[in-house]
Amino acid sequence: MIRHVAIVGAGFSGTLLAINLLRHDGPAATLIERGDAAGLGVAYGTRQSDHLLNVRAANMSAFPDRPDHFAAWLAGRGGAAGPADFVPRALYGVYLRETLAAAQAAAPGRLTVVDGEAVDIDGATVLLKDGSRVAADAVVLAVGNLAPQVPPGLERIAELPGFVGNPWAAGATTGLAHGDTVLLIGTGLTMVDVALTLEAQGFAGRIVALSRRGLLPHRHAPATPPAQPLRERPRPPLSALVRTVRARGEAIGWRSAIDELRPFTQGIWAAAEPGERRRFLRHLRPWWDIHRHRLAPAVADRVESMVASGRLTLLAGKSCDAQAVEGGVMVAWRPRGESAVRQIHATRVISCIGPQGDVARTDDPLLSALVSAGRIRPDSEHLGIDVEVTGRVLHADGESDERLFAIGPMTRGAFWEIVAVPDLRRQVWDVARYLSNAHWVGGEGL
């Protein structure tokens with residue numbers, strides 16, 4: 001019988017799991033967080049008011065059974081933001097912390113928050129870096145996204161002060177002079193955040209962003225009435241799916257054609273053959289990302305203004321090599337479609353290529369220990385931790401673990417679309433009910 005659940009990680013997924021366990025009158029929980037505060041994580045720990053949500057407030061409720069919860073919370077604060085607005089991510093962090101506090105107040109004594117770093121798991125006992133232990137009946141890994149890997153070609157500068165491997169690290173964007181050049185590797189949402197941070201801090205130097213295709217995320221358009229929805233899940237193969245989306249895009253607009261896939265995306269991914277998944281990741285993923293994960297209009301306006309004024313330069317190509325030089329680093333890169341190599345002298349290089357997912361290569365102490373012990377394994381595409389649909393992790397031999405679960409972005413190998421709030425809240429809701437049911441029925445389901 002599950003009487004106590006240890007949750008490793010108190011970002012969005014871990015915090016919301018704790019809240020839902022309390023709401024479902026499930027087992028007691030201990031929330032373990034090595035960061036500053038529960039309920040923040042990387043996404044909502046920002047303090048910048050211009051870092052906005054990429055989803056309208058109307059679809060940002062923490063609970064699938066209360067879709068207006070966040071909009072009602074906003075209204076209760078008496079602010080000007082409404083359901084159709086893209087509000088600051090920092091404000092959403094306040095919402096999560098207040099929701100957690102309200103759940104704790106309604107169920108006193110059933111949730112403990114521990115400040116510490118988990119480094120290993122023995123059965124269902126979490127070992128912390130300071131030597132202490134948290135004994136539980138089940139453990140849920142809610143570790144969020146891992147730090148980015150070193151971009152290809154930049155290995156020689158990875159240990160230099162001029163290279164920043166984690167764009168969220170303290171000091172990543174500070175200490176720069178007026179005439180400096182900052183090279184951002186990647187042109188997606190993380191790059192946008194870093195560029196806006198540099199501008200907000202008054203950086204007046206040159207910002208250059210480099211990625212294989214030089215693609216920026218598209219912007220959200222004004223909300224429109226929903227079209228007649230799809231009645232069934234589009235079927236593989238991948239080529240047929242692309243044709244279907246293009247045809248729907250011509251009929252109802254590409255944004256609506258992408259958005260109406262949301263109820264089916266996880267099913268499409270689950271039904272795809274391994275070869276289809278690999279082709280998607282190799283050829284279509286960059287295009288999917290810029291259409292699917294869009295910018296709030298105000299953010300898109302800022303980025304376009306930076307590009308138009310020359311404060312931000314976008315380049316399409318790949319980094320080839322780098323070396324230390326006086327005043328920073330020299331990065332060699334090859335423009336897309338060309339053979340000649342060019343060079344960029346940068347004071348600082350910041351990796352914005354997105355999170356590392358391959359748990360077989362990570363240097364995270366906890367995940368490394370679990371991989372070495374055979375308790376977790378990478379999924380077939382090395383996007384994260386291999387799990388069953390219930391969230392149970394799979395051992396190296398393919399057997400599921402009755403006491404170890406994973407939720408959040410690190411389960412993208414099984415679900416693909418599991419990074420945005422609408423998808424995460426459903427997963428967390430399901431896992432909380434699963435654990436709560438096991439709590440009451442004596443664990444027969446496990």
Side-chain angles (χ1 to χ4, degrees), residues 10-25 31 36-108 111 113 189 192-193 196 200 219-227 229 255-256 259-260 262-263 292-302 408 417 419-430 432-433:
F12 177 82
S13 299
T15 297
L16 193 55
L17 178 61
I19 292 170
N20 276 299
L21 288 175
L22 296 178
R23 291 183 74 217
H24 290 304
D25 199 22
L31 193 55
D36 294 332
L40 290 178
V42 170
Y44 310 118
T46 178
R47 292 177 173 84
Q48 282 191 224
S49 60
D50 57 354
H51 284 178
L52 304 182
L53 295 174
N54 296 319
V55 178
R56 290 181 174 86
N59 202 20
M60 287 295 290
S61 169
F63 309 116
D65 61 326
R66 297 183 61 185
D68 63 344
H69 188 261
F70 180 53
W73 180 87
L74 283 175
R77 294 177 64 87
D85 293 322
F86 298 86
V87 304
R89 298 207 302 262
L91 182 60
Y92 194 75
V94 175
Y95 163 69
L96 290 177
R97 293 196 302 277
E98 290 190 1
T99 303
L100 175 63
Q104 286 180 285
L111 174 63
V113 179
L189 295 176
V192 170
D193 273 355
L196 292 182
R219 67 165 60 224
H220 279 282
T224 57
R255 289 175 178 84
S256 296
D259 292 345
E260 70 178 359
R262 290 203 68 161
R292 170 66 183 82
H293 303 291
R294 304 193 282 272
L295 297 173
V299 173
D301 289 343
R302 290 275 302 281
E417 283 283 280
V419 296
V421 166
D423 307 304
L424 291 169
R425 68 185 175 209
R426 181 79 250 178
Q427 181 193 43
V428 170
W429 168 267
D430 289 340
R433 288 192 298 173

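Nothing here was measured: the structure is a model prediction, and the numbers come from that model. Values below: all heavy atoms of this structure, side chains included; hydrogens, waters and symmetry mates excluded. Quick note: residue numbers are just sequence positions, from 1.
Distance check: I19 CD1 to L111 CG gives 9.0 Å after rounding to the nearest 0.5 Å. One finds the CZ atom of R97 at 10.5 Å from the OG1 atom of T99 (value rounded to the nearest 0.5 Å). With rounding to the nearest 0.5 Å, the separation of CG in N59 from CG in D68 is 12.0 Å. One distance of note links OH of Y95 with CE of M60; it measures 8.5 Å at 0.5 Å rounding. Between the CG atom of L31 and the CG atom of L17 there is a distance of 8.5 Å, given to the nearest 0.5 Å. Of the inter-residue distances, the one linking L91 atom CG with D85 atom CG reads 11.0 Å to the nearest 0.5 angstrom.
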Full working for side chain to side chain contact (heavy atoms under 4.5 Å, CB included) between F63 and R23: CA-CA 11 Å; F63 309 116; R23 291 183 74 217; 3.1 Å; yes
The test is side chain to side chain contact (heavy atoms under 4.5 Å, CB included); show your working for D423 and R262 and say whether it passes. CA-CA 9 Å; D423 307 304; R262 290 203 68 161; 2.9 Å; yes
Check against side chain to side chain contact (heavy atoms under 4.5 Å, CB included), D65 and W429: CA-CA 9 Å; D65 61 326; W429 168 267; 3.5 Å; yes
Please report the C-alpha distance between N54 and H293 in whole Å, then the side-chain angles of each, then the deciding distance to 0.1 Å, and finally whether the side chain to side chain contact (heavy atoms under 4.5 Å, CB included) criterion is met. CA-CA 7 Å; N54 296 319; H293 303 291; over 6 Å; no
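Between R425 and D430, none of the side-chain N atoms (NZ, or NE/NH1/NH2) sits under 4.0 Å from a carboxylate O, so this pair counts as no salt bridge. One finds a salt bridge joining E98 and R77 here, because a Lys/Arg side-chain nitrogen approaches an Asp/Glu carboxylate oxygen to under 4.0 Å. Here R219 pairs with D301 in a salt bridge; the nearest charged N to carboxylate O distance falls below 4.0 Å.
Judged by distance alone, the side chain of H51 and the main-chain N or O of D193 form a donor-acceptor pair under 3.5 Å. With hydrogens and angles ignored, the 3.5 Å screen pairs no side-chain donor or acceptor of H220 with any backbone N or O of V55. Under the 3.5 Å distance criterion, the side-chain polar atoms of N20 are matched with a main-chain donor or acceptor of L16.
Residues L424 and V419 form no side-chain contact, since every pair of their non-hydrogen atoms from C-beta on lies 4.5 Å or further apart.
Here the rule is side chain to side chain contact (heavy atoms under 4.5 Å, CB included) with Y92, and of L74, L52, L53 only L53 fits it.
When all heavy atoms are compared, the tightest approach of V87 to A81 is CG1-CB, 3.6 Å. Summarising the geometry of P64 relative to R426, their closest heavy-atom pair is CB-NH1, 4.0 Å, with the distance given to 0.1 Å. Closest approach of A71 and P83 over heavy atoms only: CB-CG, 4.3 Å. Summarising the geometry of A57 relative to G82, their closest heavy-atom pair is CB-O, 3.6 Å, with the distance given to 0.1 Å.
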